[in-house]
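Take a look at the structure set out below.
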Amino acid sequence: MTITIVGSGYVGLTTAVWLATLGHKVYCVDNNQDKVSKIQKGEAPFYEPGLDELLKKVLKRGLLSATDNLEESVLFSDITIIAVGTPTTNGKIDLTAIKVATKAIAKVLRKTNKYHVVVVKSTVLPGVTGETVKTILEKYSRKAVGEFGLCMNPEFMREGKALEDTLNPDRLVIGQIDEKSGSEFAKIYKKVVTPKIFTNLWTAEMIKYTANALLATLISFSNEIARISETTGKIDAVDVWKGVHLDKRLSPQVGKTRIRPGVLGYIFSGIGFGGSCFPKDIKALVNYADEIGVEASLIKSVIEINKTQPYRAIKFLKDVLGKDLNNKKIAILGLTFKADTDDIRESPALVIIDRLLGEGARVSCHDPRAYKEGFPRELKNPQVVLAQSIQEAIRNADAVVLVTDWNEYKKLKPKYFKENMKLPVVIDGRRIYDKDVFTNAGVIYKGIGL
Ligand code: NAD
């Protein structure tokens, strides 16, 4: 089949490459010409392990092309998938990009008599596809649903593992406005062996928000347990999680092996969640609940806990260095919201850096991916030094705050911190180091949950 994907970000491009490997002809449409040029050269405009290699392969086979010409692409396609951003502005979902893309698609539908299915893959609140998107499509195409199809197909891939998740989906959720829309759209997934859930548009939209809210809730719950553990001074939350994870309902025994499901990674204390999905999606969900008269108090607490979690690092710094951080050199290891991505949107590192600068500290950062191509726009303050090596970042520092669990950082030994820093103070926001090894080696070691 021939498919247009509007938006060539993490979701759009990864999906495009996957659909091309399934043998479809895919047009990647983006209104950012730089991104289009990069994709045409076989370079993903963001870092995602393995993506460049696969992109080059499908380009070579002529199965994928990138363009800013939406009209021509949609006209030649059977299906158009919308994968543009849906940020949250002032707690509310911002549908500007969705509306612009939908209007442009609708104007093309007006010109063709071919049955065409429009699919929303962006994360949108219940009602957006069946009301907002449908209304725009009908208005500008001058057609009614039935003459074209409409589906909602939420995306569950994780940044850093986008390719792995997309090539091996754990489920496909297909929200459909009518049966014909769903069955026509599902043809693109004919070769994919995984459970397929056909449901209405509203439920498909809600499945995505529920999945994200559940994982965010587990993280904030784990961080609340960390705070209780820290405050007693006698409990290490890492050992608490070891004890909890071994519950056979969480780590099932299969033969002689204990399975360690991925969800355990969310039932663990850390510096807080960030990224382009959890923070914005759960804020939008709370707002939506408010609007329909539901008090989402649990999810509101999840947001509150997460808002203050990065400040635990500041508290630890003050416990060791004293209340006055003025002119102290603090090294931040890791800017991205998690390892294996270059995405620093809503990263806890940004919250910590902002507070440190406000307290007069000097901040020096390192990240293996976040700023290969200049100053990240999310990092507003140019006062921050972006070091080119870990050593440059921590040299003569009064303390290190480890924010992201990059593999590079996991390998660092206590000796390395002692030799390079003014004071060997390590605040471990991800608990990647062995507290006994670090403490016995003379490092002043503090960690979340400790
Ligand atoms: P992104 O910001 O990386 O990419 C969006 C792309 O859309 C950009 O390249 C932008 O230039 C392009 N765009 C915007 N308006 C356009 C228009 N009118 N025409 C053509 N191109 C346009 O976003 P993303 O991270 O890929 O997320 C896309 C959607 O998927 C969001 O709703 C997000 O919540 C959801 N989602 C993201 C992830 C993730 O891990 N990033 C996972 C699941 C779902």
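One-based numbering along the sequence shown. Whatever order the structure lists ligands and atoms in, that order sets their numbers, starting from 1.
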Closest approach of any protein heavy atom to atom 41 (N) of ligand 1, naming residue and atom: Glu159 OE2, 2.8 Å

task: May I ask you to check whether Ser37 and Asp34 show a side-chain donor-acceptor distance below 3.5 Å?
output: no

message: Evaluate Lys35 for polar contact with ligand 1, using N/O atom pairs at a separation under 3.5 Å.
response: yes

query: Numbering the atoms of ligand 1 from 1, which are under 4.0 Å from a heavy atom of Ser276?
result: 41 (N)

task: Assess the side chains of Thr14 and Glu48: does a donor N or O sit below 3.5 Å from an acceptor N or O?
output: no

task: Report the part of Ala104 (side chain from C-beta onward, or backbone N, CA, C, O) that has a heavy atom under 4.0 Å from ligand 1; answer both or neither where that applies.
output: neither

message: Among all protein heavy atoms in this structure, tell me which lies nearest to atom 38 (C) of ligand 1, with the distance rounded to 0.1 Å.
response: Cys277 SG, 3.2 Å

field: Thr102 side chain vs Ile136 backbone, donor-acceptor pair below 3.5 Å
entry: no

- request: Report the nearest protein non-hydrogen atom to atom 34 (O) of ligand 1: residue, atom name, distance rounded to 0.1 Å.
  value: Lys280 NZ, 2.7 Å

query: Of Thr341, Thr14, Asn31, Thr96, which has the heavy atom at the shortest distance from atom 20 (C) of ligand 1?
result: Asn31

message: With a 4.5 Å cut-off on side-chain heavy atoms, are Cys277 and Thr123 touching?
response: no

For Ile353 against Ile332, the heavy-atom pair lying closest together: CG1-CG1, 4.0 Å

task: Pull out every atom of ligand 1 sitting under 4.0 Å from any heavy atom of Lys208, numbered as shown with elements.
output: 43 (C)

task: Counting heavy atoms only, name the option from Thr86, Val6, Val11, Val124 that's nearest to atom 37 (C) of ligand 1.
output: Val11

field: Nearest protein heavy atom with distance in Å, relative to atom 29 (C) of ligand 1
entry: Val84 O, 3.4 Å

query: Can you tell which of Thr15, Ile105, Asp30, Leu13 gets a heavy atom nearest to atom 6 (C) of ligand 1?
result: Asp30

- prompt: At what distance, to the nearest 0.5 angstrom, does OH of Tyr433 lie from NZ of Lys410?
  reply: 10.0 Å

task: For a salt bridge (charged side-chain N to carboxylate O under 4.0 Å, His left out) with Glu346, tell me which candidate from Lys283, Lys338, Lys280, Lys307 qualifies.
output: Lys283

- request: Measure the distance from atom 2 (O) of ligand 1 to every protein heavy atom, then report the residue, atom name and distance (to 0.1 Å) of the closest one.
  value: Arg345 NH1, 3.6 Å

message: Just by distance, no angles: are the side chains of Arg369 and Thr404 close enough, under 3.5 Å, to form a donor-acceptor pair?
response: no

task: For Lys161 and ligand 1, answer yes if some heavy atom of the residue is under 4.0 Å from a ligand atom, otherwise no.
output: no

- request: Around atom 5 (C) of ligand 1, find the nearest protein heavy atom and jot down its residue, atom name and distance.
  value: Gly85 N, 3.7 Å

- prompt: From Ile390 CD1 over to Trp406 CH2, what is the distance, rounded to the nearest 0.5 angstrom?
  reply: 11.5 Å

task: Show which atoms of ligand 1 fall inside a sub-4.0 Å distance from at least one heavy-atom site of Ala83.
output: 5 (C), 28 (C)

field: Residue selection (non-hydrogen contact nearest atom 7 (O) of ligand 1) among Gly7, Pro45, Ala284
entry: Gly7

message: Tell me whether the NZ or CZ atom of Lys25 lies within the 45° cone about the ring axis of Tyr27 and under 6.0 Å from its centre.
response: yes

message: Rounded at 0.5 Å granularity, tell me how far CD1 in Ile177 sits from CG in Leu150.
response: 4.5 Å

message: Suppose we measure from atom 43 (C) of ligand 1 to each protein heavy atom; which comes out shortest, and what is that distance?
response: Glu155 O, 3.3 Å

message: Using a plain distance cutoff, I'd like to know if Asp281 has any nitrogen or oxygen under 3.5 Å from a nitrogen or oxygen of ligand 1.
response: no

Closest protein heavy atom (residue, atom, distance) for atom 1 (P) of ligand 1: Gly9 CA, 3.9 Å

message: I need the minimum non-hydrogen distance between Val84 and Ser122, along with the two atoms involved.
response: O-OG, 2.6 Å

- request: Please work out which of Thr123, Asp68, Thr88, Asp34 has its closest non-hydrogen atom nearest to atom 35 (C) of ligand 1.
  value: Thr123

query: Closer than 4.0 angstrom: is that true for some heavy atom of Arg158 and an atom of ligand 1?
result: no

